[in-house]
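Beneath this line is the structure, given in structure tokens, with notes to follow.
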Amino acid sequence: DSGTTTIRWTWTRSAEQVMGLIGTFSTYITGSSELRAQIAESASKLLGEVMSDDGQVGLPMAARCWKLAKPLNPSTPP
């Protein structure tokens, strides 16, 4: 028996936490100081538009999971 399922959830973060996550992306890390400033400014502006009244933003998350059943007898072909 095999199949896939997707588990979805919302990960609530503060603006400061989201900005910290942005700092882990390779484009940000390897970018020029001008590019990093542009990314930070754009992200800050967007966060200001989507943040809730309590200063949090919900990040949609998903994990795609695969389930594969191994035969009980290893000599049995799948």
Side-chain angles (χ1 to χ4, degrees):
D1 184 28
S2 64
T4 62
T5 189
T6 301
I7 302 169
R8 299 177 192 282
W9 71 98
T10 300
W11 193 34
T12 305
R13 302 281 93 186
S14 68
E16 183 177 314
Q17 289 171 317
V18 173
M19 293 303 289
L21 290 171
I22 290 168
T24 68
F25 290 119
S26 60
T27 299
Y28 186 89
I29 293 169
T30 61
S32 65
S33 58
E34 293 83 15
L35 178 60
R36 289 192 304 272
Q38 182 183 17
I39 291 170
E41 182 181 332
S42 295
S44 181
K45 181 180 176 184
L46 179 60
L47 282 169
E49 295 171 6
V50 299
M51 227 174 356
S52 64
D53 291 339
D54 65 354
Q56 301 288 304
V57 62
L59 302 175
M61 305 296 288
R64 184 173 295 153
C65 305
W66 288 267
K67 175 186 169 189
L68 299 174
K70 181 178 177 182
L72 294 177
N73 182 346
S75 63
T76 304

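Basis for what follows: all heavy atoms, side chains included, without hydrogens, waters or symmetry-related copies. Everything numeric in this text was worked out from a predicted model, so none of it was measured.
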Please report the shortest heavy-atom distance between [X] and [Y], naming the atom on each side.
X     : Y     : result
Ile7  : Cys65 : CD1-SG, 3.8 Å
Ile29 : Thr24 : CD1-O, 3.5 Å
Met61 : Trp11 : CG-CB, 3.6 Å
Val18 : Arg13 : CG2-CB, 3.8 Å
Thr6  : Ala62 : CG2-CB, 4.0 Å

Can you measure from [atom1] ([X]) to [atom2] ([Y]) and round to the nearest 0.5 angstrom?
X     : Y     : atom1 : atom2 : value
Ser44 : Met51 : OG    : CE    : 7.5 Å
Arg36 : Glu41 : CZ    : CD    : 15.0 Å
Lys67 : Thr5  : NZ    : OG1   : 10.5 Å

- Item | Heavy-atom neighbours of Glu49 CD exceed 12 at 6.0 Å | yes

- Message: Looking at Gln56, I'd like to know if its CD atom is crowded, meaning that more than 12 non-hydrogen atoms belonging to other residues, nucleotides or ligands lie closer than 6.0 Å.
- Response: yes

- Message: Any non-hydrogen side-chain atom of Met19 less than 4.5 Å from a side-chain atom of Ile22?
- Response: yes

